[in-house]
There are 2 protein chains.
Amino acid sequence: MLEARLEQANVLKKVVEAIKDLVQDCNFDCNDSGIALQAMDNSHVALVSMLLSSAAFAPYRCDRNIALGINLGSLTKVLKAAGTEDWLTIKAEDAPDVVNLVFETKDADRISEYDIKLMDIDQEHLGIPETDYAATITMPSVEFQRICRDLSALSESVSIECSKEGVKFACQGDIGSGSVFLKQIEKVDKPNETVKIEMTEPVSLTFSLKYLVNFCKATGLSGTVQLSLSSEVPLLVQYDLQDQSYLRFYLAPKIGDEE
Amino acid sequence: MLEARLEQANVLKKVVEAIKDLVQDCNFDCNDSGIALQAMDNSHVALVSMLLSSAAFAPYRCDRNIALGINLGSLTKVLKAAGTEDWLTIKAEDAPDVVNLVFETKDADRISEYDIKLMDIDQEHLGIPETDYAATITMPSVEFQRICRDLSALSESVSIECSKEGVKFACQGDIGSGSVFLKQIEKVDKPNETVKIEMTEPVSLTFSLKYLVNFCKATGLSGTVQLSLSSEVPLLVQYDLQDQSYLRFYLAPKIGDEE
DNA sequence: CTATCATTAT
DNA sequence: ATAATGATAG
């Protein structure tokens with residue numbers, strides 16, 4: 001059986017909020033190392049990968065590998081019933097028909113409990129290759145969100161161009177063109193405002209702003225975001241969560257005429 | 001060429017916000033004395049006149065007279081990308097296809113740059129006659145906004161009646177009638193709360209509240225507003241900006257049955 | 001002055 | 001349902 005308690009129902013709430021527009025139904029794969037999720041969006045352009053490590057839960061118990069096939073719309077409805085500060089316990093049998101979610105206020109004055117029916121979902125196994133990226137940018141997540149929103153007013157696509165000096169986001173559209181340049185800068189006192197670039201070679205790639213704006217729904221999960229790029233390889237947009245957990249989005253670059 | 005830097009992108013942001021619902025496309029006329037704009041609203045009932053004096057910019061350089069025909073919707077999108085505290089530099093060539101806007105944080109860690117395509121706009125020249133108004137009321141801009149909003153809940157029109165004692169805003173509507181009387185009062189310590197009336201003869205005129213509410217979008221630009229009235233002449237609603245700059249709205253009075 | 005929230009308008 | 005706006009709190 002599975003039994004896992006999160007001290008912040010909020011984390012799962014925000015994760016699901018951030019991915020539910022990309023993926024309708026997916027498996028939450030539970031094993032002794034934690035709860036993981038991988039899924040492609042409907043158009044097979046983007047990929048979501050989440051890990052909530054067993055370390056993020058206390059207690060965490062999972063005797064056997066279980067795949068919980070869940071409709072994210074249903075899960076969203078249920079998670080709306082959770083208070084931000086509620087503790088969340090996820091429970092399932094070894095061969096479950098339902099997943100059981102229990103929300104309790106810290107003092108246990110209010111306990112709410114929901115069962116969500118599970119579904120069988122074809123497990124298209126998604127091998128995500130480990131990549132050595134040519135460049136990784138770490139920047140404030142709100143800054144990335146701001147840039148994606150601003151540029152999406154002008155165009156469908158953005159080019160991300162990374163050099164040692166900094167990173168430039170640029171686009172062209174019908175009403176004109178726009179660009180934002182961020183200088184690499186370390187703010188020791190405010191690490192969340194640091195823009196850091198780790199790079200082996202300069203890289204410039206173009207991506208759909210619609211997807212990037214969508215990924216930015218995860219902004220509230222982390223103060224910083226990492227963008228990892230290599231030529232002809234999907235962009236990795238990563239939000240690190242506490243306790244070795246993460247939410248990652250992959251997005252294939254636009255090539256040639258598509259730009 | 002034109003090159004003009006505003007230390008507060010905010011000023012242009014608020015000006016455009018205040019007029020974009022009245023005017024879609026208009027020329028920004030640039031010459032060595034500054035950047036000016038005159039335009040009528042679509043229904044030709046109201047007129048907007050803005051001056052950003054060269055003194056409001058540092059530096060300011062404009063070698064030749066240039067008319068920048070800009071779609072205010074596009075400009076709004078771009079200005080949304082400016083931070084409140086950003087410095088804004090406006091640049092254009094002598095015979096430009098685009099206007100270039102550069103936003104930079106004070107420390108230049110973030111530089112964003114936008115080109116907006118220009119349009120040819122028929123320059124219907126608007127001779128705005130200098131008028132000696134029968135009465136000019138200076139009052140807190142938030143007070144004027146409040147009155148226009150409150151009375152617009154009751155009626156389409158408001159009468160503004162000015163005497164030496166003070167000014168009365170009154171309206172009649174289906175559900176009842178309303179009026180607000182402001183006594184002339186000088187608060188030496190709080191000049192922004194002063195209500196001052198300069199008058200050669202009493203005057204009473206009626207105006208469309210819809211337009212006045214619209215003009216009040218400029219409230220954030222100045223702590224005070226001046227209302228200038230004369231019989232059978234458009235009302236002048238004026239917001240003074242820093243450095244000999246201003247935003248003015250003119251609105252023809254309603255007459256006879258129209259009230 | 002920014003961020004969040006709450007309300008409203010589309 | 002979502003987006004834009006305005007109010008409020010930090």
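Below, chains carry the letters A, B, ... as their sequence lines are ordered, and counting in each starts from 1.
With rounding to whole Å, B/D86 atom CG is found 14 Å from C/dT2 atom C1'. Counting to the nearest Å, the P atom of D/dA4 and the NZ atom of B/K77 are 11 Å from each other. B/D21 places its CG atom 14 Å from the C1' atom of C/dT10, with the value rounded to the nearest Å. At whole-Å resolution of the value, NZ in B/K217 and C1' in D/dT5 are 10 Å apart. Summarising the geometry, the separation between CG on B/N10 and C1' on C/dC1 is reported as 10 Å, rounded to the nearest angstrom. A straight line from CG of B/L79 to P of D/dA4 spans 16 Å, rounded to a whole angstrom. Rounded to a whole Å, the NZ atom of B/K13 is 14 Å from the C1' atom of D/dA4.
Between the side chains of A/K254 and A/S157, at least one donor-acceptor pair of N or O atoms lies under 3.5 Å. Using modelled atom types and a 3.5 Å distance limit, the side chains of A/D25 and A/N71 yield a donor-acceptor pair.
Using a 4.0 Å heavy-atom distance criterion, B/R149 is classed as a sugar-phosphate-only contact. Across all strands, B/Q145 comes closer than 4.0 Å to no nucleic acid atom at all (heavy-atom distances).
Using a cutoff of 4.0 Å between basic side-chain nitrogens and carboxylate oxygens, B/E7 and B/K106 are not scored as salt-bridged. By the 4.0 Å N-to-carboxylate-O rule, A/E193 lies close enough to A/K187 to be salt-bridged with it.
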